[in-house]
Amino acid sequence: MPKERVGERVFVFFSESYASTTATVIFTADGTIVVDTLPFPNEARELAAFARRGGRRVAYLINTHSHLDHVAANYLFPEAELVAHARTREALAGPMRQALAQAAATFPELRDVELRLPTITLRNEGTIRHGGITVHLLHLPGHTYDAIGAYVEEERTLIAGDAVLPLPHFAGADPDSLMRTLLRLRSLSIHTIVQGHGDVILKGEVKEAIEARINYLRQVRKYVASAVAQGASLEEVQSSGVEAFGGSRLDLDGLTQQLHEANIAYLYDLYTRKEQPSALRLPAEGQQ
Ligand SMILES: [Zn+2]
């Protein structure tokens, strides 16, 4: 499985089995901190072996959100305190059990997975200080409501989970929150961003990369709102390619087009409802 060193003490693994999902290992003076666990146990075992290199212990495992591709292999780190948002724990104790059963019907390698639940939960944000490393846990909602990012202060590196993806994805959650999350990230001094899937965003590219994602969100909302106002059908609206919005099908093996279509369908549904929740109205020109 490909692995990249992105800082003094930070290494990122990329799943070869599913959508280039990332997992991150941070070496400290007293064991290891791991962020997310990859979708499938065989790859996660490789991750765990690397994290335990030289007899190290995994002190903390952080889950960025409750989606299975990030948390399925939690159970392979039984020695670690497992840290997540309180809503991640609720999801793993509830709806994700059924999601796992469904996924295991398609992927037999998931049949042995047991969903391990977080042992430490956050309602909002928090900080882990361990082995000379400071990790700020930031609430980054939008892709999901439970999303957190792990900002490693000493490395100025943000492990963002799916709050930062090659193409923003908010279907099922909240585009407004995602916009606020990205605006917040733009205001921080970050050298490196580990996305939930795909390439690491390195020093010198971070501002531009966040700007591109903000622009995508603005454009796609404007596009769907005006198409709905003109009475377009979902099929007509969805026929747009991700390239027209600054995306690329080269990212994530073309999965970005699917994410784009899911975003459009979600917005279309929101904008064609009679009662629009105020949080989802199109922002006035010049705002945000
Ligand atoms: Zn994901």
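In each ligand, atom 1 is the first atom listed, and ligand 1 is the first ligand listed. Values reported hereafter were calculated over all heavy atoms of this structure, with side chains retained and with hydrogens, waters and symmetry mates removed.
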Practice problem: Assess the side chains of His136 and Thr127: does a donor N or O sit below 3.5 Å from an acceptor N or O? | Solution: yes
Self-check item: Axial cation check for Phe77 ring with Arg52, 6.0 Å and 45° limits
Solution: yes
Quiz item: NE2 (His70) to the Zn ion (ligand 1) to NE2 (His197): angle, nearest 10 degrees?
Solution: 100°
Quiz item: Any chance the rings of Tyr216 and His260 have centres within less than 6.0 Å?
Solution: yes
Practice problem: Please find the N/O/S atom of Asp162 nearest to the Zn ion (ligand 1) and write down its name. | Solution: OD2
Practice problem: Establish, yes or no, whether a centroid distance under 6.0 Å links the rings of Tyr223 and Phe245. | Solution: yes
Exercise. Quick one: report the N, O or S atom of Asp69 that is nearest to the Zn ion (ligand 1).
Key: OD2
